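Note sheet for the following structure.
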Amino acid sequence: MKVPNILKKTVPVAVGLVVLGYLTLYFVINQTPQWIPENLTRLARQADLLENPEAKRCFECHKEIYAAWKKSRHAIAWVSETYIEDSENRSKEKCLPCHIPRQVKNGEKPQPRLDHRDDGIYCVPCHVIDGKMHGPYDLFSPPHPTQKNLQYRESKFCGSCHEKTFEEWKIAGVEDTCQSCHMARTESRLVQKPVLSWLHSKKQVGDHSFPHGEITQEDLAVTGEISGKEFIVTLLNQKIPHRVPTADNGDPRLYLYVRFLDDSGQEVDRFKEILAPQQDTALLYGKEARFQYPLTAPVRKVEISLQYKPAWSKDKSEWRQLSYPVTGDSG
Amino acid sequence: MRTSLINSLLFTLMLFLIPLQLQAKDMVVKAPPESLGKYYPPESKEPKWIQQMHKMSGNLGGVFVNLREKDWDNLDKNADQFVESYKEASEMVPEWEEYFDLKAAKEFAAAAKTHDGEKIGKAVGAVGKTCGKCHADNSISVWTRFHWPSFHKIKITDPIEEKELDFGKYMGLLSGTFKGVTVNFKEGQYDRSQKALRAFKSRFMELKSTCSKCHTTDDVKLFYVGENVAQAFDGLQKELTAEKPNPGNFWKNVGILGKQGCKNCHLTHRSYAMIQERWEEK
């Protein structure tokens, strides 16, 4: 088939113009959004976005952030069984401000809201302030106005609700913020809906699943030793800049089990410690916790087990097991 | 002269509202009517009944504040709003409709609008009596049902057996463990007493977690299970591991635990918890 001459000439030109147009637009949107007339942007505004919509409205564009948030404890702050049980079927007023905040402001305890309670702690209470969508970037976003606000990278922002943990973090005096560990950033796009998803450059986007993080052996040192007629277990929170575990009102726990066994492997004695923020026994950053146990009978082996129970579960999981042979005379 | 008249009126008003509750020597604490439940969480998002009471009492008290300050405009507003809020309250709980006397409320408002302290003083008596009667009959039950936590709903995981127990059962277990400490001590069986102390301390300290579900400020926790209690536990441990335990020191520390840990908490919570338990039995 013969291509007409006219097409041979115009198609490359048209393609060239489209590519040039795209590159120009990409450059303007990402580098000089202020060149775009405000009146033009306003035409594309979607007013309901600033009127406290539900989380799924945000999902229409921010699919990845929504999916991450949906996995978080924040997403189920109002509907979680643990919360419902502990708040006596949500009747405890003190729980409301942080489980259904109306607006989270840097370091201020929020007020509870009346709408969209099933969404718990979601996009709107954290990001909509005074008719603008606040976040760590200045962006061209026709559906809603945006406002760059670096408070989102400060621990103080999380401290609005996580007050005790924030205080513990301040005492630790480290540079890493809450967001450094619990909102680790990866290169990604903020929007997953064309055409903005084609036009926005990638950014460093925080993990909105707010991962809890695993305690590593480097984070928490465990040692056991015999001293005279005692066995001493020492725990040291070396790297986590708040108590381990930590919570304002929840009840996460680290259980320390210590078992003394004789020659035949029979249990001679056993001890248990509950390390919990609500009992003021959680492990402080950089401070050793020592537990002394009397050796009242001959012992050949000491077994140590550390198990973790998060606030939202009744089940424990094994974190670490250690075993110490005892030589010579004991007990 | 006028100020003392108004003060007398306020005093009279208080006489109507408060001591009426003391009239009934044999008191029956009946569970509040079912329909009241819809004005309290979880059925309601807010404690609407108590809010309505505050509104009504704010309007009524406002009349006397305005009278003292000769703020006639606001006095008239408060008088009208009182009738309105009184009427609203009368329609909220059908079972309590008869406590209310709308005629008396309207007569009070009319008297209030004369700005004559003497007339107001006379008129408040009739409407004040209706408030006092209802408070005398129902205040304790409403506070017990809607404003105190329900202990029977609290579950505690026993730190020793790691089983979830009802609050009452847990308290029984705690008390039994405590007796293990004291009885064995009395019998001179210090090893057993020491072992029981370990379990008792663990169970006692578990209450820090339980109490923190309602008591979110550290002050309360420090009061019941704070430094004094920790020192008492250390003192007991010291005596039980001593070559010759000193009974004086032992019982002194037992006393601290009993007073600071058990008695103070029981004095505050037990009466209400007992009433709740009795209602639950029904």
Side-chain angles (χ1 to χ4, degrees), chain A residues 78 82-98 100 109 112-115 117 161 163-164 167 229-230 245 247-253 255-258 269-282 291-294 296-297 307 309 311 313-316, chain B residues 37 39-47 50-51 145-164 167 190-191 194-195 198-199 201-218 220-222 224-227 229-230 237 240-241 276:
Chain A
W78 185 246
T82 313
Y83 168 64
I84 293 171
E85 193 181 310
D86 283 354
S87 63
E88 287 188 27
N89 198 13
R90 300 161 172 153
S91 65
K92 285 184 188 164
E93 286 176 55
K94 72 178 175 93
C95 308
L96 304 180
C98 289
I100 40 165
K109 189 96 167 175
R113 68 173 187 275
L114 294 172
D115 55 1
R117 290 181 160 199
C161 281
E163 291 168 286
K164 287 182 189 167
E167 289 303 318
K229 293 281 179 194
E230 285 181 330
D248 272 54
N249 294 305
D251 194 12
R253 290 161 177 223
Y255 286 84
L256 167 68
Y257 296 96
V258 182
D269 211 346
R270 61 157 65 198
F271 298 88
K272 182 195 300 183
E273 307 295 339
I274 296 174
L275 309 167
Q278 304 306 344
Q279 297 188 29
D280 300 320
T281 50
F291 304 98
Q292 295 164 263
Y293 306 110
T296 53
Q307 298 180 20
K309 185 197 85 67
S313 170
K314 288 180 177 162
D315 299 323
K316 301 190 287 267
Chain B
Y39 302 114
Y40 279 99
E43 281 186 63
S44 161
K45 284 172 182 167
E46 290 166 344
I50 193 82
Q51 286 171 352
R145 167 75 180 77
F146 295 106
H147 296 270
W148 278 92
S150 307
F151 278 87
H152 59 276
K153 288 184 191 163
I154 297 173
K155 304 269 186 215
I156 307 183
T157 303
D158 175 30
I160 307 297
E161 301 296 331
E162 298 191 9
K163 280 182 193 155
E164 197 173 66
F167 191 81
Y190 304 128
D191 281 354
Q194 196 186 343
K195 206 161 188 177
R198 221 156 74 190
K201 185 180 178 185
S202 184
R203 286 185 169 133
F204 190 89
M205 288 306 181
E206 179 63 33
L207 291 174
K208 268 190 171 183
S209 292
T210 312
C211 300
S212 71
K213 288 180 182 171
C214 287
H215 295 290
T216 45
T217 56
D218 284 340
V220 177
K221 277 197 276 183
L222 289 175
Y224 293 119
V225 278
E227 199 55 35
V229 167
Q237 174 70 17
L240 290 170
T241 48
Q276 288 171 345

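None of these values were measured; they are calculated from a predicted model. A, B, ... follow the sequence lines: proteins, then strands. Residue 1 opens every chain.
- Judged as a side-chain contact (heavy atoms from CB on, under 4.5 Å), and not counting sequence neighbours, the contacts of B:P41 are A:S91, B:P47.
- Interface remark: B:E206 contributes backbone and side-chain atoms alike to the contact with chain A (heavy atom separation under 4.5 Å).
- Among B:S150, B:C214, B:P149, the residue making the largest number of heavy-atom pairs under 4.5 Å with chain A is B:C214.
- To the nearest 0.5 Å, atoms OG (B:S209) and CD (A:Q278) are separated by 6.0 Å.
- Within the model, atoms CG of A:N249 and NE2 of B:H215 stand 12.5 Å from one another, a figure rounded to the nearest 0.5 Å.
- Residue B:R203 places its CZ atom among more than 12 non-hydrogen atoms of other residues, nucleotides or ligands, all under 6.0 Å distant.
- Contact annotation for B:I160: only backbone heavy atoms (N, CA, C, O) come within less than 4.5 Å of a heavy atom of chain A.
- The salt bridge (Lys or Arg N to Asp or Glu O under 4.0 Å) contacts involving residues 86-95 of chain A comprise A:D86-B:K213, where partners must be two or more places apart or lie in separate chains.
- Ion pairing between B:E162 and A:K272 holds under the 4.0 Å rule for side-chain N and carboxylate O.
- Contacts of A:D251 with chain B are made by side-chain atoms alone, with heavy-atom separations under 4.5 Å and no backbone atom involved.
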Handout entry: Residue pair A:Q279, B:K208: steps toward the side-chain contact (heavy atoms from CB on, under 4.5 Å) verdict
Key = CA-CA 5 Å; A:Q279 297 188 29; B:K208 268 190 171 183; 4.1 Å; yes
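- Within 6.0 Å of atom CG in B:D191, 12 or fewer heavy atoms from other residues, nucleotides or ligands are found, so the atom counts as exposed in its surroundings.
- Looking at B:S44, neither its backbone nor its side chain comes within 4.5 Å of chain A, counting heavy atoms on both sides.
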